[in-house]
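What follows is a short report on a single structure.
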Amino acid sequence: LGVEIKIKGSAKAATGELDALIEVAAADLSGLRPLAGDAVPANVALKLSTRAKASAGKAVLSDLRLALGESDLAGSVSVDTSGKLPKIVADLNGKRLDLTQLQPAANNSAAKEKATGSSKSARPGKVLPADPLPLDGLKAVEADVKIVLAEVLTQQIALKDVTAVIKLAKGHLTLKPLGMTVAGSQINASASVDAGANVPAVAFDLAAPKLDLGRLLAESKTTDMLQGTGNLKIKLAGQGASIAAIAASLNGGTNLLMNEGKIKTAALDAAAGGLTALVGMMTSEQSEWTVLNCVASRFDIKNGVATSKVL
C-alpha cells in the first residue's frame with residue numbers, strides 16, 4: 001500500500017488506555033485505492049504526526065500535524081463517549097487547504113451512474129429532488145469545532161483568512177461565525193440546520209458590505225466586463241425534510257446596492273440592443289466603458305417565490 005506507520009508508547013487493552021506517539025507517512029496516497037476506492041486523490045503525499053491518549057471513554061489527539069500534498073493542518077481533536085452522545089471537540093488551523101489537489105479524478109462512469117440515479121428519483125416536471133435529506137446523523141453526535149485557514153483554494157476562486165465555528169447539539173447544527181476574504185472583500189455569514197425540530201429548519205445569512213464585484217467576477221473567471229463595489233445582503237430561512245420542501249417554504253430576500261461602477265460598453269450594447277452606440281452617435285462620444293450610477297437589485301422571497309422589487 002506504500003504507507004509507513006510508526007507507533008511508540010504504551011497501551012493497556014484491559015482498561016482501554018493508550019499513550020503513544022503516532023507517525024504516518026506515504027509518498028503517494030493512490031496506494032490506498034484498493035481499500036478506500038477512487039475517492040482517494042492520486043499523486044498526493046501524506047505526513048501525519050500526533051500524540052494519542054485514550055482512557056475512560058475519552059480519546060485525544062494533541063500536537064496534531066498533517067501535511068497532505070500542498071495542504072496542511074495542525075491542532076487538536078478529542079472524542080468523548082462518556083455522555084449520552086459522543087462529542088467531538090476540535091481546534092484546527094492551517095496555512096493552506098488546496099481542494100483542487102485533493103479532489104479525486106473525474107470518473108465518467110460514476111458521474112453517468114449518478115446522473116442516471118438522480119433522474120430516476122426526480123419528479124416529472126420538477127427540478128428539485130423530494131428525497132428525504134439524511135438529517136438523522138445530526139442527532140447522533142455533538143460537536144464543537146473551530147477552524148482557521150489562511151488560504152483555501154477551490155476550482156473557482158481562492159478564499160483567504162477563513163474562520164469558522166461549528167457547533168452541534170441536540171440535532172441543531174450552527175456555523176457561526178463564518179468569515180472569509182474573497183477577491184479582497186470581507187464576507188461574514190452564518191448558517192444553521194435544526195434537525196431536532198418537528199419540521200427540520202434551515203437558515204442562511206450573508207453580509208458583504210464592500211464586495212468588489214468586478215474583481216470577484218474576474219477571479220472566478222466569470223467575466224471581466226464589470227467593475228464596481230457593492231453592498232450585498234442575503235437572508236434566507238426555510239423548513240422541510242427535503243430540498244424541494246425547503247425551497248417551497250423559503251422566506252427572506254437578497255439585496256445588492258452598487259453606488260457607482262463601470263461596465264464594458266460592448267456588454268451593455270449586447271444587453272440593451274445597441275443603445276450606447278445610438279447615444280454615442282448623438283453625442284459624438286464613445287468609450288470602452290460606460291459608467292453605472294446607483295445599480296440596485298432586490299428580491300423578496302415568500303413561500304419559495306422570488307419577486308423583484310423596484311428600489
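Because the structure is predicted, anything quoted here is derived from the model rather than measured.
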Donor-acceptor pair, [X] side chain versus [Y] backbone, under 3.5 Å?
| X | Y | result |
| --- | --- | --- |
| T229 | D212 | no |
| E70 | Q101 | no |
| S249 | Q239 | yes |
| T174 | S192 | no |
| T223 | M225 | yes |
| N251 | N303 | yes |
| T100 | Q155 | no |
| S185 | K210 | yes |
| T50 | A52 | no |
| D28 | N43 | yes |

Under the side chain to side chain contact (heavy atoms under 4.5 Å, CB included) criterion, do W289 and K264 qualify, and how do the steps go?
-> CA-CA 4 Å; W289 294 90; K264 281 192 174 180; 3.6 Å; yes
Which heavy atom of [X] sits nearest to which heavy atom of [Y], and what is that distance?
| X | Y | answer |
| --- | --- | --- |
| S55 | E17 | CB-CG, 4.0 Å |
| L18 | A11 | CD1-CB, 3.9 Å |
| P200 | A241 | CG-CA, 4.3 Å |
| L128 | A244 | O-CB, 3.9 Å |
| L29 | P41 | CB-O, 3.7 Å |
| S62 | S76 | CA-CB, 4.3 Å |

Which residue, [options], forms the side-chain contact (heavy atoms from CB on, under 4.5 Å) with [X]?
| X | options | result |
| --- | --- | --- |
| I234 | I301, L206, N255 | L206 |
| S71 | V44, L149, L97 | L97 |
| I88 | L168, V141, D144 | V141 |

Are the side chains of [Y] and [X] in contact, using a 4.5 Å heavy-atom criterion?
| X | Y | answer |
| --- | --- | --- |
| L178 | M180 | yes |
| L213 | L256 | yes |
| D131 | S242 | no |
| L232 | I187 | no |
| K6 | E4 | yes |
| L32 | L46 | no |

Measure the spacing between [atom1] of [X] and [atom2] of [Y] and express it to the nearest 0.5 Å.
| X | Y | atom1 | atom2 | value |
| --- | --- | --- | --- | --- |
| Q227 | K262 | CD | NZ | 4.5 Å |
| Q156 | L99 | CD | CG | 10.0 Å |
| D72 | N93 | CG | CG | 8.0 Å |
| E260 | L292 | CD | CG | 9.0 Å |
| K58 | K53 | NZ | NZ | 11.5 Å |
| L73 | L92 | CG | CG | 4.5 Å |

Taking everything shown except N198 itself, do over 12 heavy atoms lie less than 6.0 Å from its CG?
->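 Atom CG in N198 is not packed in, count stays at 12 or less.
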Are there more than 12 heavy atoms of other residues, nucleotides or ligands under 6.0 Å from atom NZ of K176?
->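 No, the 6.0 Å shell around NZ holds no more than 12 heavy atoms from other groups.
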Indicate yes or no: does [X] engage [Y] in a salt bridge with an N to O separation below 4.0 Å.
| X | Y | value |
| --- | --- | --- |
| R298 | D300 | yes |
| D19 | R51 | yes |
| K146 | D91 | no |

If hydrophobic clusters are built by linking Ile, Leu, Val, Met, Phe, Trp and Tyr wherever their side-chain heavy atoms come under 4.5 Å apart, do [X] and [Y] end up in the same one?
| X | Y | result |
| --- | --- | --- |
| I7 | L48 | yes |
| L175 | V165 | no |
| V152 | I166 | yes |
| L138 | V79 | yes |
| I5 | L66 | yes |

Worked verdict on K235 versus D205 for salt bridge (Lys or Arg N to Asp or Glu O under 4.0 Å) = CA-CA 5 Å; K235 189 176 184 66; D205 287 5; 3.0 Å; yes
Evaluation steps, side chain to side chain contact (heavy atoms under 4.5 Å, CB included), between I157 and V182 = CA-CA 8 Å; I157 200 168; V182 182; 3.8 Å; yes
